Amino acid sequence: MTVSSESDNRVDEVSVPIQVVNGATRVVGVFGYPIEHSRSPAMHNAAFRQLGLPYIYVPFSVHPDQLSTALFALQSLGVVGVNLTIPHKEAALGLVRHITREAAEVGAINTIHSTSDGLVGDNTDGFGFYAPLQSLWQPDSNSRAIILGAGGAARSVAFKLVSEGVHVTIANRSLDRAQKLADAIQQAGYRSVDAIALADRPAVAASIDSSELVVNSTRVGMYPEIGEIPEIPIDALRSGQMVYDLIYNPIQTRLLHEAESRGCRTLNGAKMLVYQGAAAFERWTGVWPPVDIMEEAVLKG
Ligand code: NAP
């Protein structure tokens, strides 16, 4: 296919692989409510096109009252699998035949795969979080990390880090929620995790100081509140520390900006989005996707 751009009297020719939809096309997608702003369709379809795979990824706007019906229909319709996003991740737990250890621990499903033995619910967020980090940071048995937040994303991050042997502190606005996550991790048989209130500045400063990794898994700084920054003692950040913000809109949050200006190494949430999607892609197709193409599609969005 040739695309012409004559706006500046030049004709650019770029090669765009075409996605053919026909009777042999296999369907995957995402259930969410709302779903209009999801970047997953662009990301997955770019990878299908690149590899010439006969798949299409479709956004499904599924009302919470209809989740059970929609999941039930997947196998009748021959849908290969779906991702789940807000508000379905927890609700789906009781609606599939099998769940993986990751989904059970985190208490949420983000990927469903239809098999001959029924629907399998999995959670690839922990993998998505850790895969891009691995090339930048290799923890040892003394490594410490502080996680800001105790919501759904923080659960995946916390379970992944403790399973890698990292000493974790969870700092959340609501101490009660942080403590519940710490208790769940201990009950699952991992080493104990500290829970502190985000408002406890001395405790947060001490934890940041002793940590090699600082993860923001709160919503603070996410579009449209892009001027916001988590209320932490920012001067506790030090050069060489790794600061990972799970937010991908915007790509460069104020936290990452402040961290960079203090000499920290930084990572934004775009690659996590790509790698959690890549793991789902592989479950559905048996093929590892071109993550660079997926990332390009996310960044274009
Ligand atoms: P969630 O379950 O709603 O949890 C939100 C968290 O943010 C809670 O810990 C909440 O604290 C905290 N929070 C919200 N407003 C706050 C404020 N004003 N001050 C301090 N803390 C505040 O959300 P989630 O699903 O975990 O998502 C969290 C972030 O991660 C979002 O920005 C999301 O975009 C990002 N994320 C990225 C990826 C990726 O692939 N890159 C994947 C998942 C999520 P309380 O418990 O006190 O309310």
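Both ligands and their constituent atoms are indexed starting at 1 by order of listing. Just so it is clear, the structure is predicted and the values come from calculations on it, not from any experiment.
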Could you go step by step and tell me if Arg265 and Trp137 meet the side-chain contact (heavy atoms from CB on, under 4.5 Å) rule? CA-CA 10 Å; Arg265 297 181 298 149; Trp137 181 64; 4.3 Å; yes
Does the ring pair (Phe, Tyr, Trp, His ring centres under 6.0 Å) test come out yes or no for Phe281 and Tyr55, once each step is laid out? CA-CA 10 Å; Phe281 188 107; Tyr55 284 79; 7.4 Å; no
Applying salt bridge (charged side-chain N to carboxylate O under 4.0 Å, His left out) to Asp122 and Arg101, what does each step give before you reach the verdict? CA-CA 8 Å; Asp122 196 359; Arg101 183 176 57 82; over 6 Å; no
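Asn216 and Thr218 form a side-chain donor-acceptor contact under 3.5 Å, judged by distance and modelled atom types alone.
For ligand 1, the polar-atom distance check finds an N/O of Leu246 within less than 3.5 Å of one of the ligand's N/O atoms. Considering backbone and side-chain atoms alike, Ala154 places every N or O at 3.5 Å or more from each N or O of ligand 1. Annotation: Gln276 places no N or O atom under 3.5 Å from an N or O atom of ligand 1; distance criterion only. Between Arg177 and ligand 1, at least one pair of N/O atoms sits closer than 3.5 Å. Polar contact check, Ile247 against ligand 1: no nitrogen or oxygen pair lies under 3.5 Å apart. Residue contacts with ligand 1: Asp125 is placed with no nitrogen or oxygen under 3.5 Å of a nitrogen or oxygen of the ligand (distance criterion only). Ligand 1 has an N or O atom lying under 3.5 Å from an N or O atom of Ala150, backbone or side chain. Note: an N/O pair closer than 3.5 Å links Gly152 and ligand 1 by distance alone.
The protein non-hydrogen atom at the shortest distance from atom 42 (C) of ligand 1 is Met272 CE, 3.8 Å. Atom 43 (C) of ligand 1 has as its closest protein heavy atom Ala153 CB, 3.8 Å. Among protein heavy atoms, the minimum distance from atom 4 (O) of ligand 1 is reached at Gly151 CA, 3.5 Å. Residue, atom and distance of the protein heavy atom nearest to atom 3 (O) of ligand 1 are Arg219 NE, 3.0 Å. In this structure, atom 33 (C) of ligand 1 lies nearest to the protein heavy atom Met222 SD, 4.1 Å. The protein atom (non-hydrogen) at minimum distance from atom 18 (N) of ligand 1 is Arg173 NH1, 3.4 Å. The single protein non-hydrogen atom nearest to atom 19 (N) of ligand 1 is Val220 CG2, 3.5 Å, given as residue, atom name and distance. Ranking protein heavy atoms by distance to atom 29 (C) of ligand 1, first place goes to Thr218 O, 3.5 Å.
Residue Ser143 forms a side chain to side chain donor-acceptor pair (under 3.5 Å) with just one option from Glu164, Gln138, Glu212, His167, and that option is Glu212. Partner of Gln276 under the side chain to side chain donor-acceptor pair (under 3.5 Å) criterion, chosen from Asn83, Thr111, Asn110: Asn110.
In summary, Arg262 and Asp235 engage in a salt bridge, as defined by a charged side-chain N under 4.0 Å from a carboxylate O.
Remark: the backbone N or O of Ile196 is not paired with any side-chain donor or acceptor of Asp200 at under 3.5 angstrom.
Residue contact check for ligand 1: Gly128 places no non-hydrogen atom closer than 4.0 Å to it.
Residues Phe129 and Tyr244 place their aromatic rings such that the two centres sit under 6.0 Å apart.
With a 4.0 Å heavy-atom cut-off, ligand 1 is reached by no atom of Ala270.
Less than 4.0 angstrom separates some heavy atom of Tyr248 from each of these atoms of ligand 1: 39 (C), 41 (N).
Leu119 places none of its side-chain heavy atoms less than 4.5 Å from the side chain of His98. Between His257 and Glu260, the closest side-chain pair of non-hydrogen atoms is not below 4.5 Å. Side-chain contact between Asn249 and Arg39: present, with at least one pair of heavy atoms (C-beta onward) separated by less than 4.5 Å.
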